[in-house]
K.L.:
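This is the structure, below, for whatever I ask next.
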Amino acid sequence: MKKLRLALVFGAMAGLASAGGATENRGLPGNGPAAYKEDGRYFTEDGVPTYFIAEDGTVDWMTFSGFRRYHSECHVCHGPDGMGSTYAPPLKDAVERMDYYDFVYTVSNGIQNVDASHQKVMPTFGQNKNVMCYVDDIYVYLKARGDGALERGRPAKREDKTDAISAFEAECMAGG
């Protein structure tokens, strides 16, 4: 029950972070599926977090942050740049087969598929603030990689982090 409550809190916090801000730049030019920008975050028409890469190659803050967070928490099993390993599948491909909500659910709850021919076990990250406070960033980064919009390696140029993103991170990491 505690895990479910924590997952709901993180989901609510993510929703609040994207609600109520000024919507900027509808119909954005550049590379990616972004339909609009709100408080420094980019979203699809359906309100799903997504990446934005400017024509000069500058990535949005969330994509850059997602690169950093992925390589801090996920690459040990899933390989550098979302490419997979002998131990775990490529996440850049997984985000092409699942939607945002399935991704967040899987990260929050983990996977346990163990039988005679499978031994797929991914731990739950629902209580790990270093993952859950940045799950949108990780998703956005992997989506950019999966779509082929972002090459391997650290993005060379990035947008600055907005005050709204900084405030969300501080609130999420503090737990409330």
Side-chain angles (χ1 to χ4, degrees), residues 10-11 13-15 17-19 21-108 111 122 125 128 130-166 168-169 172:
F10 280 122
M13 288 170 57
S18 66
T23 300
E24 314 151 17
N25 303 334
R26 287 222 173 251
L28 299 164
N31 185 4
Y36 64 96
K37 179 180 181 181
E38 195 171 282
D39 292 332
R41 297 174 181 260
Y42 293 85
F43 298 90
T44 65
E45 280 294 329
D46 297 332
V48 172
T50 194
Y51 60 91
F52 178 77
I53 303 172
E55 292 175 5
D56 70 353
T58 301
V59 301
D60 63 282
W61 175 261
M62 286 180 65
T63 300
F64 179 76
S65 173
F67 166 84
R68 292 173 50 222
R69 296 297 169 168
Y70 175 85
H71 286 88
S72 170
E73 298 287 337
C74 311
H75 92 279
V76 173
C77 294
H78 292 281
D81 303 307
M83 299 290 290
S85 70
T86 57
Y87 185 70
L91 292 183
K92 74 175 191 62
D93 297 339
V95 297
E96 295 298 302
R97 293 187 305 272
M98 66 173 51
D99 68 17
Y100 165 75
Y101 304 101
D102 290 336
F103 178 82
V104 173
Y105 179 86
T106 301
V107 171
S108 298
I111 295 174
M122 179 178 140
F125 287 96
N128 183 334
N130 288 315
V131 174
M132 295 311 298
C133 291
Y134 301 95
V135 70
D136 288 356
D137 303 34
I138 295 167
Y139 174 80
V140 164
Y141 164 70
L142 290 168
K143 187 69 174 153
R145 289 283 300 127
D147 286 355
L150 186 64
E151 296 296 322
R152 293 186 72 177
R154 183 183 176 105
K157 297 184 274 185
R158 62 164 173 78
E159 292 179 350
D160 291 334
K161 184 192 306 188
T162 64
D163 291 341
I165 292 173
S166 293
F168 170 78
E169 289 176 357
C172 186

K.L.:
Rounded to the nearest 0.5 Å, what separates atom CD1 in Ile138 from atom CE in Met62?
P.N.:
10.0 Å
K.L.:
I need the Arg154 CZ to Phe64 CZ distance, nearest 0.5 Å.
P.N.:
3.5 Å
K.L.:
For a 4.5 angstrom cut-off between non-hydrogen side-chain atoms, does Thr63 reach Ile53?
P.N.:
no
K.L.:
Under the side chain to side chain contact (heavy atoms under 4.5 Å, CB included) criterion, do Arg41 and Trp61 qualify, and how do the steps go?
P.N.:
CA-CA 8 Å; Arg41 297 174 181 260; Trp61 175 261; over 6 Å; no
K.L.:
Report yes if some heavy atom in the side chain of Val140 is under 4.5 Å from a heavy atom in the side chain of Asp60; otherwise report no.
P.N.:
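Sidechains of Asp60 and Val140: in contact.
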K.L.:
Is there a side chain to side chain contact (heavy atoms under 4.5 Å, CB included) between Tyr105 and Met98 once you walk through the steps?
P.N.:
CA-CA 11 Å; Tyr105 179 86; Met98 66 173 51; over 6 Å; no
K.L.:
Just by modelled atom types, is the Val104 backbone N or O under 3.5 Å from a matching donor or acceptor in the Ser108 side chain?
P.N.:
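Answer holds: yes.
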K.L.:
Identify the two heavy atoms, one from Pro155 and one from Phe67, that lie closest to each other, and give their separation to 0.1 Å.
P.N.:
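Taking every non-hydrogen atom into account, CD-CG, 3.8 Å.
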K.L.:
Do any N or O atoms from the side chain of Asp99 and from the backbone of Tyr101 form a donor-acceptor pair under 3.5 angstrom?
P.N.:
yes
K.L.:
Applying the side chain to side chain contact (heavy atoms under 4.5 Å, CB included) criterion to Arg69, which one of Val135, Asp136, Asn130 satisfies it?
P.N.:
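Running side chain to side chain contact (heavy atoms under 4.5 Å, CB included) over Val135, Asp136, Asn130 with Arg69 returns exactly one hit, Asn130.
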K.L.:
How close do Cys133 and Phe168 get, counting heavy atoms only, and between which atoms?
P.N.:
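Smallest interatomic distance, heavy atoms only, reads O-CE2, 3.5 Å.
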K.L.:
Does the side chain of Tyr134 come within less than 4.5 Å of Glu169's, by heavy atoms?
P.N.:
yes
K.L.:
Of all residues at least two apart in sequence or in a different chain, which pass the side chain to side chain contact (heavy atoms under 4.5 Å, CB included) check with Glu96?
P.N.:
Lys143, Asp147
K.L.:
State which residues pass side chain to side chain donor-acceptor pair (under 3.5 Å) with Arg158; sequence neighbours excluded, sorted by chain then number.
P.N.:
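Side chain to side chain donor-acceptor pair (under 3.5 Å) list for Arg158, sorted by chain: empty.
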K.L.:
Give the minimum heavy-atom separation between Thr50 and Pro33, together with the two atoms involved.
P.N.:
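It is OG1-CG, 3.0 Å.
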K.L.:
Considering non-hydrogen atoms only, spot the tightest contact between Leu150 and Val59 and give its length.
P.N.:
CD1-CG1, 3.9 Å
K.L.:
Test of understanding: with ring-ring contact (aromatic ring centres under 6.0 Å, His included), list the residues that count as partners of Tyr139, not counting sequence neighbours.
P.N.:
Tyr100, Phe103
K.L.:
Hydrogens and angles aside, do Asp56 and Thr58 bring a side-chain donor and acceptor to less than 3.5 Å of each other?
P.N.:
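Yes, because at least one side-chain N or O of Asp56 sits under 3.5 Å from a partner of the opposite role on Thr58.
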K.L.:
If you compare all heavy atoms of Phe52 against all heavy atoms of Ala34, which two are closest, and at what distance to 0.1 Å?
P.N.:
CD1-CB, 4.1 Å
K.L.:
Quick one: closest heavy-atom pair of Ala164 and Asp39, and the distance?
P.N.:
CB-CB, 3.6 Å
